[in-house]
K.L.:
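Take this structure, written in structure tokens, and hold onto it; I'll ask about it next.
The chain is numbered in sequence order, starting from 1.
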Amino acid sequence: MESKSSRFPFPYQPYHIQESFMEALYTALDQGKVGIFESPTGTGKSLSLICGALTWLKDYEEQKKQEAARLLDGPENKCDAVKEENSRNQPSEPDWVSEFVQKKAERDMVNKLKDEELKRKKREERLEMIRHNAQLRYAMKRKTGDKDEAVKLLQLSREVAESETHSPEEEGLIVAEYESDDEATPKSSLCDEDDDEDLEEEHVTKIYYCSRTHSQLAQFVHEVQKSPYGAAVRLVNLGSRQNLCINPEVVRLGNVQMMNDRCLEMQKNKHEKREKASDSETKRRRGLPKATCPFSGFENLMAMRDEVLVKVRDVEQLLQHGREKHACPYYSTRMAIPAAQVVVLPYQSLLHASTRKASGIKLKDQIVVIDEAHNLTDTISAIHSTEISGGQLCRAHSQLSQYCERYRSRLKAKNLMYIKQILFVLEGLVRTLGGKVGQNPNTQSCQPGSELLTINDFLFKAQVDNINLFKVQKYFEKSMISQKLCGFVEKYEGSGVNTHSSSKNKENRRTEGLGRFLQTLQNKPTDVSEQQVAVEDKPIMASPMMLVESFLFALTNANKDGRVVIQRQACLSQSSLKFLLLNAAVHFAQIVQECRAVIIAGGTMQPVADFKEQLLFSAGVTEERILEFSCGELMVLCTLLLAIFCNVAYYVCNSCIMASGHVIPPENILPIVLCAGPSGQQLEFTFQTRDTPQMMEETGRVLSNLCNIVPGGVVCFFPSYEYEKRILGHWESTGILQRLQSKKKIFQEPKKASQVEQVLSDYSKCIQHCGNGGSGQTGALLFSVVGGKMSEGINFSDDLGRCIVMVGMPYPNIKSPELQEKMAYLDKNMPHIGGKSPGKALIENLCMKAVNQSIGRAIRHRGDYACIVLCDHRYARSGTLQKLPEWIRSSTNTHTTFGPAFASARRFFLEKRQRPPL
């Protein structure tokens, strides 16, 4: 019988818990489950995901090949199967009808199988040819010729529809003729999308792996490279233009929106450049040639697409390879999606439907793995929430008005109708903020205040409840009016201030109003605050109509699933409308319904019950489809069984646990709930007590005592930046900070993300220097904030984090209107489990999720050890303890006084200093 180790190829002998993880993962994928996998740091989660998922994919592809071969080689078996199925579906039809249906089904099945087999063989032959660098030029030339022919046909259809009213360079700015879906089928260039789909390669069964940050994705790609599948798997690494663009002209813009706008403009110019001048008027046209991207050549893109599939590369390697091949990594990776077996991408690209469509991602019958999914519900809500300012609304209204005036004679009735509807909606949105369109938003004053409304109440307040936003949304998608408007603005933005020309032509005179208005929007008012000036300094996108489109799309959600927050500031340009999504499940439902299987993984997924209720059950997932796996629970079970049956010393049981796969022995972690400080002051960091001098000084004494016994680095987390600033100021005035400085060099989390790496580098060098006996200090003390730049994604392994101190409980601001509305929504729509309000449970869950992420920064591998001190007596409550990860909760000790806690911590570090490393 085949052993588990041979069933799942692994770079080394896997631990038992890793084998169990891969077995459960294989089962979830094979049975089409929604799996919730909890795997603490150090248990090899990424490698287990890779080997388990790719083993299933390999078996699945082999099974499909065998089924195809059996059906093609054994027609009698095929006929019986089809006949049996049709007899069940249509038992009452005449024999001749059934026979005709059977023969047609047989022919369709055989033709489909032949096509799939032919495509698979061609793809494998092409990739194999690239691996051996044989006949590459001929293959690319032939494929390019076919594609160019198709492009020529599409261009010919556009040329036939061109008019002579405007110059050819303006034709791309005019929206195509549009009809509503219930009246006629859109024609002209609106059908180009369907033509392009005919040329698209069929998607093979694949695994979409997504995580939160690009660094986490890069780490996953490196694990794939080291795995047994690294040489054979077809992996594509997706990223934004900001990560994958190699065009210096675009990269230097820096701002994501500006980079996207510039790239799209270059792509449009490239297609326009291919169109040949057909008359003398066009040939006589003068002007500077439009810039095109030199890295977007079709032949180079196709060549790099295939090379991307041959070898696994991370983002840096893709950038280097793109520069060498003179091909754009951004577009070549997207072209490689259909034939890829693994697609690696960030959260936003997968969880947002419009982004999925734009990227060419199709989830039908595919596998989705969502890693670092502890905040998945909040992430989905954040992605689908949107905000737009009064200045952006006024800017969009002015641009669209000028566009409509410029091309009124060219726009069909339906186009004019929908454009006027959009203008009417924009007027209503600005009116809710207390302003008017057509005037400078920087000079319009508003009555400050905020208001929270349901979607229906907001539409009624804006007096746009009679507009069918679903049809408006479809018009945005089909007409691409946002992109057309963006090009229009870029073309005419400066026409009103053109001083180089001796005389203005008719075209400039018709658009000079737009230029003047845009100029006034970009001029800073003289009486604005410092904060407003900072906002004005930000880069202004060519057109905010895409933000308008996103906001109007959000308003099509069900009335109960979202709220609109009206925030009025003193100035209209700084006032804003914000849509809040309350029900993340409504957007997650499409993913779980389309996909064959969905795997949700994280270091800690607690509390799982609320996660299932708010996201999975609400998305239509049944209890039977959910499969749960937790490494932490398996560790505790092993501990109990070994203690009962082995009846041996504790360290022996721990050795057995390590052999079973959990690489973090219980004696390597010391979690302490500290209820009181050295002077006997009870530790309770509520809003009423945490600012008192007694509480702040007691916290300083706790930290000072710990710094005396902890070697290396101590990381102290505060609940907020505001409280960190207040308590550090008090410590400095009372001398506590100086006492801490005598033992540990103090570092503080920077405000700018760009400075994080430098602070961490200095922190690490200081600890290393102190460890070598270079000074009287014993290490370093790093002050950080829960939910800040260092509470997620940063690993304080070994001496970087020998002690993690959590000051208080980081409850969110319960007075926030957004949070209150979320609580009310849960109380109304979710069941009350255990008599507890779902709204109150949300507050506790948000707090403990943040705590779990922060304290999880330590203990990063099997030989690592650390002490975790939770400074607040409220952590001792049984309900709160249950929300800690199992591998931490099982070792947690609660101390009502400081003395025993300090003694246990000192003993812990003395033992570690004396015991040799594993």
Side-chain angles (χ1 to χ4, degrees), residues 175-194 264 348 351-359 361 380-381 383-388 392-393 396-397 399-400 403-404 411-430 432 453-486 541 543-564 577-584 586-591:
V175 291
E177 184 176 353
Y178 183 82
E179 295 289 345
S180 300
D181 56 344
D182 57 345
E183 296 173 1
T185 302
K187 298 179 180 180
S188 188
S189 62
L190 297 181
C191 299
D192 291 348
E193 183 179 348
D194 299 331
L264 292 174
Q348 292 80 357
L351 299 176
H352 195 270
S354 299
T355 309
R356 285 200 305 270
K357 183 178 180 181
S359 301
I361 296 171
I380 296 174
S381 298
I383 290 174
H384 291 88
S385 297
T386 183
E387 185 173 10
I388 188 167
Q392 291 168 332
L393 289 170
H397 185 277
Q399 292 173 356
L400 190 58
Y403 177 89
C404 183
L411 296 174
K412 299 297 183 181
K414 286 292 182 181
N415 276 317
L416 283 173
M417 183 191 75
Y418 279 109
I419 288 176
K420 288 185 178 297
Q421 284 188 6
I422 296 172
L423 290 171
F424 179 76
V425 171
L426 288 172
E427 290 176 11
L429 298 183
V430 174
T432 62
L453 301 171
T454 65
I455 297 176
N456 289 344
D457 290 343
F458 172 76
L459 294 175
F460 183 78
K461 184 180 182 66
Q463 299 178 10
V464 295
D465 51 309
N466 59 324
I467 300 295
N468 189 334
L469 291 181
F470 291 96
K471 284 194 172 185
V472 173
Q473 175 195 345
K474 186 171 183 180
Y475 178 75
F476 268 112
E477 294 175 355
K478 293 293 185 181
S479 68
M480 297 186 294
I481 183 66
S482 298
Q483 290 85 343
K484 305 279 186 182
L485 193 60
C486 182
M541 65 181 67
S543 173
M545 188 57 72
M546 291 184 182
L547 284 176
V548 174
E549 180 179 350
S550 178
F551 185 78
L552 296 183
F553 172 74
L555 295 179
T556 61
N557 280 278
N559 187 56
K560 67 174 185 177
D561 292 337
R563 297 292 182 269
V564 179
L577 300 174
K578 184 176 182 179
F579 174 82
L580 301 174
L581 180 69
L582 300 179
N583 182 16
V586 70
H587 293 284
F588 194 63
Q590 184 180 3
I591 296 176

K.L.:
Just so I know, are the side chains of Val564 and Lys578 near enough to count as touching, which here means a heavy-atom distance under 4.5 Å?
P.N.:
no
K.L.:
On a heavy-atom basis, which atom in Ile455 and which in Asn559 lie closest, and how many Å separate them?
P.N.:
N-OD1, 3.2 Å
K.L.:
Report yes if the side chains of Asp561 and Val586 come closer than 4.5 Å at any heavy-atom pair, otherwise no.
P.N.:
yes
K.L.:
Under the side chain to side chain donor-acceptor pair (under 3.5 Å) rule, collect the residues that match up with Asp465, sequence neighbours excluded.
P.N.:
none
K.L.:
Return the minimal non-hydrogen interatomic distance between Leu582 and Arg563, and the atom names on each side.
P.N.:
CD1-CG, 3.7 Å
K.L.:
So how far is it from Met546 CE to Gln392 CD, rounded to the nearest 0.5 Å?
P.N.:
13.0 Å
K.L.:
At what distance, to the nearest 0.5 angstrom, does NZ of Lys357 lie from CD of Glu477?
P.N.:
5.5 Å
K.L.:
Check whether any side-chain heavy atom of Val425 lies under 4.5 Å from a side-chain heavy atom of Gln463, and answer yes or no.
P.N.:
no
K.L.:
Quick one, Arg356 with Gln590, criterion side-chain hydrogen bond (donor to acceptor under 3.5 Å, both in side chains). Give me CA distance, side-chain angles, the key distance, then yes/no.
P.N.:
CA-CA 12 Å; Arg356 285 200 305 270; Gln590 184 180 3; 3.2 Å; yes
K.L.:
Out of curiosity, Ile481 CD1 to Ile419 CD1, how far, rounded to the nearest 0.5 Å?
P.N.:
4.5 Å
K.L.:
Could you check if a side-chain atom of Leu453 sits within less than 4.5 angstrom of a side-chain atom of Phe460, using non-hydrogen atoms only?
P.N.:
no
K.L.:
Is the shortest side-chain heavy-atom distance between Glu387 and Phe551 below 4.5 Å?
P.N.:
no
K.L.:
Within a strict 4.5 Å, meaning less than it, do heavy atoms of the Gln348 and Thr355 side chains meet?
P.N.:
no
K.L.:
Can you sort out the partners of Lys560 under salt bridge (charged side-chain N to carboxylate O under 4.0 Å, His left out), two or more places apart, ordered by chain and number?
P.N.:
none
K.L.:
Excluding sequence neighbours, so at least two apart, what forms side-chain contact (heavy atoms from CB on, under 4.5 Å) with Ala462?
P.N.:
Thr432, Val464
K.L.:
Within this structure, what is the CD-CD1 distance for the pair Gln421 and Ile467, rounded to the nearest 0.5 Å?
P.N.:
4.5 Å
K.L.:
Quick one: SG on Cys404 to CD1 on Ile422, what's the gap to the nearest 0.5 Å?
P.N.:
10.5 Å
K.L.:
Is the side chain of Thr386 donor-acceptor paired with the backbone N or O of Ser550 at a distance under 3.5 Å, no angle test?
P.N.:
no
K.L.:
Which heavy atom in Phe579 sits nearest to a heavy atom in His384, and how many Å separate them?
P.N.:
CD2-O, 3.7 Å
K.L.:
Can you name the nearest heavy-atom pair linking Pro544 to Gln399, along with the distance?
P.N.:
CD-OE1, 3.6 Å
K.L.:
When Tyr418 is tested against each of Tyr475, Phe424, Phe476 for ring pair (Phe, Tyr, Trp, His ring centres under 6.0 Å), which residue passes?
P.N.:
Tyr475
K.L.:
So, do Val548 and Ile388 sit near enough that their side-chain heavy atoms are less than 4.5 Å apart?
P.N.:
yes
K.L.:
Any side-chain heavy-atom pair from His587 and Asn557 closer than 4.5 angstrom?
P.N.:
yes
K.L.:
Between atom CG of Leu411 and atom NZ of Lys420, what is the distance when rounded to the nearest 0.5 Å?
P.N.:
10.0 Å
